[in-house]
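Comments concern the structure below.
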Number of protein chains: 2
Amino acid sequence: MDAYPKLVERFAQISRLDHAMTFLSWDQMVVMPKNGNDSRSAAIAELASVRHARLTAPEVGDWLDSATGNQLPETARSINEMRRVWRQEACLPADLVKARVIAGSACEHGWRTQRLENDWTGFLANFREVVTLSREEARLRQAHADFDTPYSALLDLHCAGDSQALIDSVFTKLRKELPELIQQVMEHQQTAKAVDIVGEFPVQQQQQLCEKLMAVLGFDFDAGRLDESMHPFSTGGPGDQRITTRYRNHEFFEALSSTAHEVGHASYEGGLPEQSRGLPIGASRNMCIHESQSLMFEKQVFLSRSFMTFFTESIHQILPSSAGYDASAFWSSCTRVKPGYIRVEADEICYPLHVVLRYEIESALINGDIEADAIPEMWDQKMTHYLGLSTQGDFANGCLQDIHWTDGAFGYFPSYTMGAINSAQLFATVRSDFPDWQDRFARGETGFLREWLEQKIWSKGCELDSQELMVNATGHETDPSHYLTHLRDRYLKELY
Amino acid sequence: MDAYPKLVERFAQISRLDHAMTFLSWDQMVVMPKNGNDSRSAAIAELASVRHARLTAPEVGDWLDSATGNQLPETARSINEMRRVWRQEACLPADLVKARVIAGSACEHGWRTQRLENDWTGFLANFREVVTLSREEARLRQAHADFDTPYSALLDLHCAGDSQALIDSVFTKLRKELPELIQQVMEHQQTAKAVDIVGEFPVQQQQQLCEKLMAVLGFDFDAGRLDESMHPFSTGGPGDQRITTRYRNHEFFEALSSTAHEVGHASYEGGLPEQSRGLPIGASRNMCIHESQSLMFEKQVFLSRSFMTFFTESIHQILPSSAGYDASAFWSSCTRVKPGYIRVEADEICYPLHVVLRYEIESALINGDIEADAIPEMWDQKMTHYLGLSTQGDFANGCLQDIHWTDGAFGYFPSYTMGAINSAQLFATVRSDFPDWQDRFARGETGFLREWLEQKIWSKGCELDSQELMVNATGHETDPSHYLTHLRDRYLKELY
């Protein structure tokens, strides 16, 4: 008898457990009161352990072996994706999985206070254990598949299909060109009058404005919601995409940009193929593609001159205190380039250098070339080198600023910049497929873009590899030249 | 080797799965967008099935047998409670459990429309199957333990330890005395001027007022939160008690009373013994005790003249449109007695008769003395007899008003009134232990009551049976005379 239906049922079970963990984690980050953390972490760890047992039970390996025979091509692909998910999990012992969840959860929980208190020492006490367990994880993953370094084995979890060689070559080009481009753009922008948007922008109004933006971008509120959290993120499951943003009283573009960004992530998840729901073949491809979708909505749509011109009417209507500024003032304030300490506040040109820095540190850390206590000094040196800013003694604005490392998500950072590059490349094709794209954006039309993305990316799930997706949609593999052109067109020529 | 530690670990696992289901259900009822429902229900069903398998695995029965030997008394009690939980789950075949969930779900789903359309015939078509399966369930539960009737076997799920004989004797006294008391109080209240609190009370202000009330009642916002839902409820786990209320624009006492009520439930859960967290011995005792805690905060504290006098300042401050009414107007509007059709809207004197009516009908139904089609006529006769109100032809305001029977929760209703009686009895002891209780309430002090309840009830978990708890706290078993005295003191003498 064919083992494939058994695999389908098992993976459907696993997706139901994933659903539970996803929404318990959302709750933990968005609404849970602080004293609930111990029980919550224990419950999530328990589910992770049930999931691990279901996925790595001996019969799954047997089914994967026996299901390899005569299959339709799409079934063979589905089995391949199952095998990838299975191998990623089966190569780790249950004890390590559980220890990692508990240590990550404790470190993340502590970080929420330690970051505010600039407490590197307190953080380090928890973080050492996270690093130890992540190295052990990387070592085991490397032993079970063909990776050149332990770090590559972690990279595979987030950027699967995009080799370290590809990432290295892309980052080398950025490292080489961006510092000079930053100087050129800053010089160019010195000649333009700087506009500061100042005022009081009540959080409730900002929230209403974000919901308006979501509606224009095509978000379905019967299948998702917007909430507030310290660090914006998106998560969810079929029919239920949860995005968050954060608000500041004196500034509203951060909330709007984050919202547009997370709408991109949510749209990808919401557009995945229904017929393979709950199966690995029906999941999103990797984070380099995922981030290309969020940056598509944030940088290519929301930050375009044409869309911002359209949306300015809503801004004026919902935030009366913004009435003194026009679309061009908004656009120029949003496209100001200036090196800063905080990655999530960085502009399009500086951002990749924040990522290159983290990539260099985390790969050295996981490969055992440095220890965790060396991080603050490396951070300071690289920030000074790439962006001319020292972080000496300032951990809050340095190595404590990001949540990623707290629970061991090493190998994730590169996807931000690979995503930016994919996004610019995909949008170059959109521009040539829809020469009137600026007129459409100026009327608030985004449906044509959503349809294009749904057809080329979302509905494909994992039917294609990441580079096959890019070739299929744009004609060639990930290439940073589109991104560099995009930056020059926007920031030096001010074309869109 | 002793099997007890194995049992402890297994029940801790089960409590972690319960935690997951609890918070996924909270999310489903409070924040989930509607398109998320299918995946959510599937995920919760998956966890229920994992839980069932863990609890009823053959080794659990073996461990319970072999752990019965030489044990400390507290261990023996702990094992007894484990056995009770295990037996309640293990005595039902998986087919019946599944059939019950499907029939209950269909009946509840249909009821949501049928109630609005006064469609008893449509409801009956689904409900007959629910009754058949509940009778089968009751028969099996009776066969696996020592219950005098099938109904007692269902009663045990909600009112464990309070025998049907006890409930019968309590309800007989209420049936005899309450109808006359209602007449006396209505006559007495005719002489007083009726005050109607009218105005517009914005939801946001009401929410702030509810949070103020929670703070005064000792709710810890680091260990819980308040939200809004269609029907108020409370749920949660260690360090995280979630309560909900609902708001209406023209009335604010419903939101406040519900909030006080749910704070009582949440306080009990939050005060359970830490050392036996996650074990059956560390759980709340039964719903007759649970409801005594919610009614303690709702009826004995919030509805007392002294507390309401204190809290009126907050009401005036946070709801400016209430300024025209004083504490005495608030109190008299909240203590109006008038028979009505709807249980959840009933006052303290009429409420028990609604419960007695349901108890009489559901016990006869489960024990096979009547069939489901007899319900409307019995309902009409009893409502006419107890409260002077006929429900002939009016099913929506009669036997279709409650959700409980739709999914087979027979044996639950008695706990509402047993809780009211326990609450009055416990509070009679509090009054004699703290003769200055009214002065304390008038200053907004509630800590003394919380400490007393924590010591006598909350911290005991399931270490004592329900009647042992009552004897330990008040000197004797559940006795309705305290409740009747409370009603006369409040509604005829207007003492507090």
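Below, read A as the first sequence line, B as the second, and so on, with proteins coming before strands; counting in each chain starts at 1.
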Segment of B:Arg40 engaging chain A (4.5 angstrom heavy-atom cut-off): both
Any A:Asp240 side-chain heavy atom under 4.5 Å of B:Asn37 side chain: no
Nearest non-hydrogen partners of B:His19 and A:Ala43, listed with the distance: CD2-CB, 3.4 Å
Top contributor to chain B interface from A:Lys34, A:Gln241, A:Met32, A:Arg54 [non-hydrogen pairs under 4.5 Å]: A:Lys34
Pairwise side-chain contact, A:Val31 with B:Asp227, heavy-atom cut-off 4.5 Å (strictly under): no
Interatomic distance, B:Ser49 atom OG to A:Arg16 atom CZ [nearest 0.5 angstrom]: 8.5 Å
Min side-chain heavy-atom separation B:Glu46-A:Val50 under 4.5 Å: no
Ion pair A:Arg277/B:Asp38, N-O distance below 4.0 Å: no
Toward chain A, the part of B:Asp220 with a non-hydrogen atom under 4.5 Å: side chain
Min side-chain heavy-atom separation A:Arg242-B:Pro33 under 4.5 Å: yes
B:His109 atom NE2, neighbour heavy-atom count above 12 within 6.0 Å: no
Exceeds 12 heavy-atom contacts within 6.0 angstrom, atom CD of A:Gln204: no
Per-residue contact mode, B:Gln28 against chain A (heavy atom under 4.5 angstrom): neither
A:Glu274 atom CD: more than 12 heavy-atom contacts under 6.0 Å: no
